[in-house]
Asker: 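Starting off with a structure, shown below.
Each chain gets a letter, A, B and so on, in the order the sequences are listed, and its residues count up from 1.
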Amino acid sequence: MKPSRPNEDCFRFLFLLREATASAAPRRRLPPWPPRRRRLRRRAQALHLPPPPQLRPRPPRPRRRRLPPLHALLVKLGLQPYERVHNALIQAYGAAGLVADARRVFDGMSRRDTVSFNSMIHGYATSGDVASAREVFERVPAPTPVTWTSMVAGLCRAGDVALARRFFEEMPGRDVVSWNAMISGLVGNHQPVEALDLFRRMLAEGFVPNRGTVLGALSACVGAGGLETGKWIHAFVEKKKLFRWWDEILGTALLDMYAKCGAVELALDVFTKLRSRDTHTWNAMINGLAMNGYSTKALDMFRQMELDGTVVPDEVTFLGVLLACSHGGFVDVGREYFYMIEKKYGIGLVIEHYACMVDLLARSGHLQEAHKIITEMPMKPDRVIWRALLSGCRLHRDVKMAETAVSEMEAACSGDHVLLSNLYAAVGRWSGVEDVRRTMRSKGIEKIPGCSSIEINGSIHEFMSGDKSHPSYSEIHAKLVEIGSRMQLQGYVTETAEVFHDVEEEEKEQALGHHSEKLAIAFGLIGGTPNVAIRIVKNLRFCADCHNFAKLVSQIYHREIVVRDRVRFHHFVEGTCSCNDFW
DNA sequence: CTCGAAAACC
């Protein structure tokens, strides 16, 4: 079935469509239009076709937007014989979230080529309708790698990685994009280690990585805290000269990887050497500094960004700025910036700004003011907001406010209850601890198991709380016992106030020997290279006991330990932590 | 004309 060759009107139509839908898919960067097409645009206007909507630099992203009645225009111009035009329309409807309309176009076509099917599958995969995507997939006469990849990507987006993996393994003739789709799909579903394994397999099978691959692999390193792997990717790209230079996107991904793996110096190094930086780049740098405890440097960086003048700060920039203020305890500076965001910079406050502000105020003990912000904010406070208040309450031992926060939270997760319970324990209110336990059981609240990962010689090991499955478990256990006895000599006492990450686990084991970060630290002492920092990434917050443990290990064994917790970094050196015990 | 792809509150 030979597709019909498009005529001039087709291109005119495609151009309009593209203009009309550009704002529906802003993440895709459109290449500049070649001059010939620009002429077409003028001609299209002369034909009294509907003018393309104005392209805005930062369009808000509506889930659904109305498309001009282009379908009617398609018929009017007599473009029905051209598959390409229908396909483009299917894609446009799909991108705007109007899958039903896409399907109508699809069903109305007299002939369909592979692209039609692929576009339709992709449309269903954008919207998460896996069943329909599969139904169309079954009907494709000659699936190409594109068809398969669309399915893989769609399944990943819908969260069914296992099935995506099956499709991926079964597909004939994988191309680079297929690998990329699977790698980034794994990263997006919190399986960075598997993503890196796949990346290695891809190289072993002789595929040459492209931008997408590198971006996917770097974000896998972020997820797993794989600094060595990240460095290796950096070196690999340089050695193979995969790209002419690290542009804004690649450079941002690289520096973000370094920052999120706790290597701020390397991140700064990348940052200074980039030949062009956009807002994202600055944001990643500011945020990276703030997360790593370099609050003052983060604020300096923001000032430099303003002086630089080539980029404009956006919402995310101020999240970094507020985060820096919060971690540095700069309440007044933070308050000032918070009020400037709208007034001076003309940026609308979003819920995340309020969360940062509440965090800043609550953390520094201004609990009443934080509560006032919450009650006065224009949008409905979400869990994160209440959680920020709650963790401030824990730091400053305000039981009453903490109870308010938990009760206001819709569907509080296990961590929230644990936080409240820790607070009860800290002030010695054991009946409260019991209440929390009962509430959790009656509501059947799912516990998130603690998980830490550590990279040793370029391979990443994951530990779950209380997990005994690691092949070197007996050695790890022996190491923990050794650490324990050396600590006792130093007069270390277990801090029982915050014993439980996980209520039932605590019942099973009275000792704290099995929080995942302890396993990982012990393993780092055994397997890591001496004098090289032990780097750990964990999914939950640090408990006070493990934080103490890490400090002491850094002192006793003279090893730097870097732990990335859910929100920030802890750099332990000789018994002190960069967070100043304030997290 | 179709698949992947950088920053973001606890």
Asker: Could you tell me whether the phosphate oxygens of B/dA8, OP1 or OP2, come under 4.0 Å of any side-chain nitrogen or oxygen in A/N287?
Answerer: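 For B/dA8, OP1/OP2 do have a side-chain N/O of A/N287 under 4.0 Å.
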Asker: At less than 4.0 Å, is any side-chain N or O atom of A/R84 found next to OP1 or OP2 of B/dC1? Yes or no.
Answerer: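 Result: yes.
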Asker: Would you call A/Q80 and A/S110 a side-chain contact if the rule is heavy atoms closer than 4.5 Å?
Answerer: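 A/Q80 does not reach A/S110 side chain to side chain.
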Asker: Indicate, with a heavy-atom threshold strictly under 4.0 Å, whether A/R568 touches base, sugar-phosphate, or nothing.
Answerer: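 Since no nucleic acid heavy atom lies under 4.0 Å of A/R568, the category is nothing.
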Asker: To the nearest angstrom, how far is A/I286 atom CD1 from B/dC9 atom P?
Answerer: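 Answer to the nearest Å: 14 Å.
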Asker: Answer with base, sugar-phosphate or nothing: what part of the nucleic acid does A/A181 contact at a heavy-atom distance below 4.0 Å?
Answerer: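 Sugar-phosphate only.
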Asker: Does any part of the side chain of A/R394, heavy atoms only, come nearer than 4.5 Å to the side chain of A/L390, both counted from C-beta?
Answerer: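 Of all side-chain heavy-atom pairs linking A/R394 with A/L390, none is under 4.5 Å.
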Asker: May I ask you to test the A/N283-A/M305 pair for a side-chain heavy-atom distance under 4.5 Å?
Answerer: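 With C-beta onward as the side chain, the pair touches.
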Asker: What pairs meet the salt bridge (charged side-chain N to carboxylate O under 4.0 Å, His left out) rule with one or both residues in residues 372-386 of chain A, with sequence neighbours excluded?
Answerer: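 For residues 372-386 of chain A, and leaving out neighbouring residues, the salt bridge (charged side-chain N to carboxylate O under 4.0 Å, His left out) pairs sorted by first residue read A/K372-A/E376, A/K380-A/E410.
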Asker: Can you measure A/N189 atom CG to B/dG4 atom C1' for me and round it to whole angstrom units?
Answerer: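 That distance rounds to 14 Å.
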Asker: Pick out which of A/W282, A/F302, A/F338 makes a ring pair (Phe, Tyr, Trp, His ring centres under 6.0 Å) with A/F318.
Answerer: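 Single pass found, and it is A/F302.
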Asker: Measuring from the side chain of A/V115 (C-beta onward, heavy atoms only), which nucleotide among B/dA6, B/dC1, B/dC10 has the closest atom?
Answerer: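 Closest nucleotide to the A/V115 side chain: B/dC1.
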Asker: Given B/dA6, is OP1 or OP2 found less than 4.0 Å from the side-chain N or O atoms of A/R211?
Answerer: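 The answer is no; no side-chain N or O of A/R211 sits under 4.0 Å from OP1 or OP2.
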Asker: What parts of residues 215-222 of chain A reach DNA chain B, counting only heavy atoms under 4.0 Å away?
Answerer: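 Within this stretch, A/L215 sit under 4.0 Å of the strand.
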Asker: Distance to the ring centre below 6.0 angstrom and angle to the axis at most 45 degrees; does that hold for A/R112 and A/F106?
Answerer: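 Yes, A/R112 lies over the aromatic ring of A/F106.
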Asker: Give a yes/no answer on whether the side chain of A/S119 brings an N or O atom under 4.0 Å of OP1 or OP2 in B/dC1.
Answerer: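 Checking B/dC1 against A/S119, no side-chain N or O comes under 4.0 Å of OP1 or OP2.
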Asker: State whether A/E135 and A/R103 are salt-bridged, where the test is any N-O pair (Lys NZ or Arg NE/NH1/NH2 against Asp/Glu carboxylate O) under 4.0 Å.
Answerer: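 Salt bridge present between A/E135 and A/R103.
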Asker: To the nearest Å, how far apart are A/D256 CG and B/dA6 P?
Answerer: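 One finds 10 Å between P of B/dA6 and CG of A/D256, rounded.
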Asker: Report which part of the nucleic acid A/A88 touches: base, sugar-phosphate, or nothing (heavy-atom distance under 4.0 Å, all strands).
Answerer: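 Nothing, no heavy atom under 4.0 Å.
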Asker: Counting side-chain heavy atoms from C-beta on, which of B/dC10, B/dC1, B/dA7 comes nearest to A/D314?
Answerer: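 Selected nucleotide: B/dA7.
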Asker: Counting any heavy atom closer than 4.0 Å, what does A/L323 reach on the DNA or RNA strands: base, sugar-phosphate only, or nothing?
Answerer: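 Since only primed, P, OP1 and OP2 atoms lie under 4.0 Å of A/L323, the category is sugar-phosphate.
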Asker: When you measure from every atom of DNA chain B, which of residues 163-176 of chain A have a heavy atom less than 4.0 Å away?
Answerer: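 Of all residues in residues 163-176 of chain A, the ones placing a heavy atom under 4.0 Å from DNA chain B are A/D175.
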Asker: Using a cut-off of less than 4.0 Å, is there contact between a side-chain N or O of A/H122 and OP1 or OP2 of B/dT2?
Answerer: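 No, because none of the side-chain N or O atoms of A/H122 sits under 4.0 Å from OP1 or OP2 of B/dT2.
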Asker: Any salt bridge linking A/D565 with A/R541? Criterion: basic side-chain nitrogen under 4.0 Å from a carboxylate oxygen.
Answerer: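 No.
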Asker: Is the gap between the ring centers of A/F137 and A/F167 under 6.0 Å?
Answerer: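 Close enough - the centres of the two rings lie under 6.0 Å apart.
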Asker: At 4.0 Å (heavy atoms only), tell me whether A/N210 reaches a base, stays on the sugar-phosphate, or touches nothing.
Answerer: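 Since a base atom lies under 4.0 Å of A/N210, the category is base.
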Asker: Does B/dA8 have OP1 or OP2 sitting under 4.0 Å from an N or O in the side chain of A/K260?
Answerer: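 Yes.
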Asker: Could you tell me if A/R174 sits above the aromatic ring of A/W179, with its cationic atom closer than 6.0 Å to the ring centre and no more than 45 degrees from the axis?
Answerer: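 Yes, cation above the ring, under 6.0 Å and within 45°.
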Asker: Can you tell me how far P of B/dA8 sits from CG of A/L255, to the nearest Å?
Answerer: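 A/L255 atom CG is separated from B/dA8 atom P by 10 Å.
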